[in-house]
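Worksheet: the structure to be examined is printed underneath.
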Amino acid sequence: MSQPHPKKLLRAAVQAARAAGQLMRKNLRATKHIDSEVQYDIKLALDVRCQKIIEKSLRACYPDISILGEEESTGDPDTPLRWVVDPIDGTVNFAYGIPHACTSIALQQRMPNPPRRRAGKSDPISPAPYRTLLGVVYDPFADELWTALRGGPARLNGRAVHVSTRDRLDRSIVSIGFAKGPESLARMLPVLNRLIPRVRKIRMMGAAALALTYVASGRFDGYVESGIRLWDIAAGGLILECAGGDFEHEALDNQHTYRLSATNGLIKRQLDRVRAG
Ligand code: IPD
Ligand code: CA
């Protein structure tokens, strides 16, 4: 497959994100069918419907690019390009009628595998290497669309955005996320306790992709979470980097789970120090 044109790919991702967003907007106040729930998470029938809309839209333009999605994955996973899709990021907000949720779509390219380590060494977690080529995050409730093409500026509704210039943690707003399991709670509660007295404000908004685009736009100065999944952060991570920020994500397993530290770059060392304890 010859490499499709980046701007066309971006247009396709924007079109898919807007289509899912339209369905989200229409259903914000509707009674929603819950497919499954546990204490810390809900899966809605609308998650799947939005994913299907995105899949249909992307595959109509690019039938050969596989899709790794929160709700399902389709196509040959060994293709050199893959879409990484979170149809609804912030599902719990959306389920409760809170208008803070979004659609997140990234396009990733598979990179050559790094040389194998010598046998006998403890095996570090090394998911197949991919790099993100483009990212789209769409908040249908605020009608805010963030886009980025690797190497270019990050844009919000077409206008370039940049991270904040705040360099003091005690003047910063830091967003924190609690992923879905008790392990994430156990890891992040001490971090929350250490951070609260050190920052201006903590925010827990419940949509990782928006936390990243808020850092990219200078609204937040940092965002930390542990146990976050790739589809929540792939698009927002590139948008943040293109906005001049620092997107540090370390794999916790080979199942697309990460420990994340995202900042404007200027407060990174202070934030990392407090996080480490
Ligand atoms: C969740 C949200 C939340 C974050 C969780 C994610 P979902 O994604 O992004 O903010 O704290 O870790 O799983 O389930 O709403 O797509
Ligand atoms: Ca989701």
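Remember, it's 1-based here, ligands and their atoms both numbered in the order they're listed. Given the structure is predicted, the values throughout are model-derived calculations rather than measurements.
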Problem - Val136 to Val14 - nearest heavy-atom pair and separation - result: CG2-CG2, 3.9 Å

Handout entry: Close N or O approach (Lys180, ligand 1; < 3.5 Å)
Key = yes

Handout entry: Heteroatom distance test (Gly177, ligand 1): nitrogen or oxygen, under 3.5 angstrom
Key = no

Exercise for the section: Establish, yes or no, whether the cationic atom of Arg18 lies under 6.0 Å from the six-membered ring centre of Tyr138 and within 45° of the ring axis. Expected result: yes

Exercise for the section: Please determine, by modelled atom types, if Arg203 and Ser175 share a side-chain donor-acceptor pair under 3.5 angstrom. Expected result: no

Exercise for the section: Examine Ala209 against ligand 1 and note whether any of their N/O atoms are separated by less than 3.5 Å. Expected result: no

Practice task
With the Ca ion (ligand 2) as the reference point, give the N/O/S atom of Asp86 that is nearest.
Solution key: OD1

Practice task
Say whether Ser261 and Glu248, considering side chains only, have a donor N or O and an acceptor N or O under 3.5 Å apart.
Solution key: no

Completion exercise
Between the SG atom in Cys102 and the NE2 atom in His100, the distance rounded to the nearest 0.5 Å is 7.5 Å

Handout entry: Region of Asp232 that comes within reach of ligand 1 [heavy atoms, distance under 4.0 Å]
Key = side chain

Problem - Residue pair Thr263 / Asp246, side-chain donor-acceptor N/O under 3.5 Å - result: no

Practice task
Say whether Val92, considering both its backbone and side-chain N or O atoms, lies within less than 3.5 Å of an N or O atom on ligand 1.
Solution key: no

Practice task
Determine whether the side chain, the backbone, both or neither of Phe178 has a heavy atom under 4.0 Å from any heavy atom of ligand 1.
Solution key: backbone

Exercise for the section: Ignoring hydrogens and angles, tell me if any N or O in the side chain of Glu225 forms a donor-acceptor pair with the backbone of Ala179 under 3.5 Å. Expected result: yes

Problem - Numbered atoms of ligand 1 (with element) below 4.0 Å of Thr91, judged on heavy atoms - result: 15 (O)

Practice task
Using the side chain to side chain contact (heavy atoms under 4.5 Å, CB included) rule, take Thr213 and Leu240 through it: C-alpha gap first, then chi angles, then the decisive distance, then the call.
Solution key: CA-CA 6 Å; Thr213 57; Leu240 173 60; over 6 Å; no

Exercise for the section: Using a cut-off of 6.0 Å, state whether more than 12 heavy atoms not belonging to Gln109 lie near its atom CD. Expected result: yes

Problem - Distance-only side-chain donor-acceptor flag, Thr79 / Ser66, under 3.5 Å - result: yes

Problem - Distance-only N or O hit between ligand 1 and Ile228, under 3.5 Å - result: no

Problem - N/O/S atom of Asp232 inside 3.0 Å of the Ca ion (ligand 2), strictly under - result: no

Practice task
Validate the cation-pi geometry between Arg25 and Phe141: distance from NZ or CZ to the six-membered ring centre under 6.0 Å, angle to the ring axis within 45°.
Solution key: no

Exercise for the section: Considering the heavy atoms of Ala207, write down every atom of ligand 1 situated less than 4.0 Å from one of them. Expected result: 9 (O), 10 (O)

Handout entry: Sub-4.0 Å heavy-atom approach of Asp47 to ligand 1
Key = no

Problem - Polar proximity ligand 1 side, Ile88 side, N/O cut 3.5 Å exclusive - result: yes

Handout entry: Proximity to ligand 1 by part of Ala211, non-hydrogen separation under 4.0 Å
Key = neither

Completion exercise
Heavy-atom closest pair (Glu71 atom, Pro87 atom, distance to 0.1 Å) is CG-CG, 3.7 Å

Practice task
Indicate, as side chain, backbone, both or neither, the part of Glu225 found under 4.0 angstrom from ligand 1 when only non-hydrogen atoms are considered.
Solution key: side chain

Completion exercise
Of all protein heavy atoms, the one nearest atom 10 (O) of ligand 1 is Gly206 C, 2.9 Å

Handout entry: Close-contact set for ligand 1 against Ala179 heavy atoms, below 4.0 Å
Key = 12 (O)

Exercise for the section: Verify the distance test for Pro87 against the Ca ion (ligand 2): any N/O/S atom under 3.0 Å, yes or no. Expected result: no

Handout entry: Vertex the Ca ion (ligand 2), rays to O in Ile88 and OE1 in Glu70 - rounded to 10°
Key = 160°

Fill in the blank from the handout: ligand 1 to Gly90, heavy atom cutoff 4.0 Å, flagged ligand atoms 7 (P), 15 (O), 16 (O)

Handout entry: Minimum non-hydrogen distance to atom 8 (O) of ligand 1, winning option of Asp89, Asp86, Thr257
Key = Asp89

